[in-house]
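For reference, positions follow the sequence shown, starting with 1. Below, all heavy atoms of this structure are taken into account, side chains as well, without hydrogens, waters or symmetry copies. Being a predicted model, the structure only gives us computed values, none of them experimental. Every number for a ligand or one of its atoms is a count from 1 in the order of the listing.
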Amino acid sequence: MKPQDGTIPAEKIKQAGDVIKRGGLVAFPTETVYGLGGDGLNPASSKKIYAAKGRPSDNPLIIHVTGREALPYIVKEIPESAEELIAHFWPGPLTIILKKNDRVPYETTGGLDTVAVRCPSDPVARAFIDAAGGYVAAPSANTSGRPSPTEAKWVYEDMKGRIEMLLDGGSSEIGLESTIVDLTEEPPVILRPGYYTAEDLSEVLGRVDTDRTILSADSGVAPKAPGMKYRHYAPKGDLTIVSGETEAVVSYINEETKRLGAQGKRIGVIATAETIARYEADIKKNVGDRNDPASVARTLYRVLREFDDEEADIIFSEAFSSAGLGQAVMNRLLKAAGHKVTKV
Ligand code: AMP
Ligand code: MG
């Protein structure tokens, strides 16, 4: 298993599909992040996925399909809300939760009677899912607790020796995981924010609720997506988000850099194109453009992993607007920081 060069011959895709059919694991690119795939209808494959990631077995997997026609085989019913969302957003970064039937093993759904289904748009993912028999269970292809991989080299770092193949499709276009919406509830509930926002879904469905644990640190309430309760996306360094007016944020971070640097700490800053030149830290990373949340989404996980490589002890990040796609960005950043925010 070696990362390849971004062009994947049909023969390789067929081989990858055969690995899945035999019960093995293959990591593959999608437009959101890299997935760690196994046969979603084979309980032994799902168990292997949990083992490879070190993932708790109550944290369900998403089944990846290539179109709506795959649904009747695995779900009890397809509500009107699903039909409408599929017509608007599939293929793409939207995961829907429906009632599962007996063909879907509890090993794949973490013991739940519901199943999460997504239909990616990435052409390599689609060819691979078809070659694999049509139902590929896949969480993100990182070791549990690390940032999701947006490039094959990060998958290789985490999964080397634990999977049979890695398909290299280059950098992930979106960079954050899919939006998850539970359609077994009325009104539907967004369990995880992603590229598609609550406003996007409301335009199609009317009223849509959002799980209130998404941006708060309220640990008394369990999130409805089991995976959202785990600390996730965490860099090895101690990450704090600094929020406030830009001037105040820059001066606070520079003062802290001086103070902690004097104690021998290596300091990192997650900055933006607009501010990076003004920081005095050892390691500075441009995570994107403040006015373009898509650029931040695309780069955030790479930056978090780079801080690990460069052994930052303490990391400060600017805060971003929670509007639109910014909600997904702040959700991931808050989780990475264990909800540690300093207001200046
Ligand atoms: P990952 O693929 O690593 O992004 O993780 C999948 C996410 O989907 C986790 O947060 C899971 O908790 C969530 N998920 C998967 N299936 C279900 C389900 N049936 N009900 C609620 N959440 C789910
Ligand atoms: Mg994940």
Numbered atoms and elements of ligand 1 in range of [X], under 4.0 angstrom, heavy atoms:
| X | answer |
| --- | --- |
| N59 | 9 (C), 11 (C), 12 (O) |
| P139 | 1 (P), 2 (O), 3 (O) |
| A116 | 15 (C), 16 (N), 17 (C) |
| I180 | 7 (C), 8 (O), 13 (C) |
| R192 | 1 (P), 4 (O), 5 (O), 7 (C) |
| L112 | 18 (C), 19 (N), 20 (N) |
| T114 | 18 (C), 19 (N), 20 (N) |
| A138 | 2 (O) |

Heavy atoms of other groups near Q263 CD, more than 12 under 6.0 Å: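 Yes, because the 6.0 Å sphere around CD of Q263 holds more than 12 heavy atoms from other groups.
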F316 and Y252 aromatic ring geometry - parallel, tilted or perpendicular at 30°/60° bounds: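 If you compare the ring of Y252 with that of F316, the planes turn out perpendicular.
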Any I97 heavy atom less than 4.0 Å from ligand 1: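 For ligand 1, residue contact (heavy atoms, under 4.0 Å) with I97 is present.
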Salt bridge R259-E256, side-chain N to carboxylate O under 4.0 Å: yes
Salt bridge flag under 4.0 Å for residues E177 and R118: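 Result for this pair is no, no salt bridge flagged.
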Cationic tip of [X] within the cone over [Y]'s six-membered ring, i.e. under 6.0 Å and within 45° of the normal?
| X | Y | value |
| --- | --- | --- |
| K153 | Y156 | no |
| K100 | Y106 | yes |
| R332 | Y301 | no |

Selection from E177, R118, R55 by shortest heavy-atom distance to atom 5 (O) of ligand 1: R55
Nearest option to atom 1 (P) of ligand 1, as decided by whichever heavy atom of S178, S140, S148, A141 sits closest: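 It is S140 whose heavy atom sits nearest to atom 1 (P) of ligand 1.
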Side-chain donor-acceptor contact under 3.5 Å, S46 with T108: yes
Polar side chain donor-acceptor pair, T197 to D200, under 3.5 angstrom: yes
2.8 Å cut-off met by an N, O or S atom of S140 to the Mg ion (ligand 2):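 Within the cut-off used here (under 2.8 Å), S140 does place an N, O or S atom near the Mg ion (ligand 2).
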Ligand 1 contact on T95 by region, counting heavy-atom pairs under 4.0 Å: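 Answer for T95: neither.
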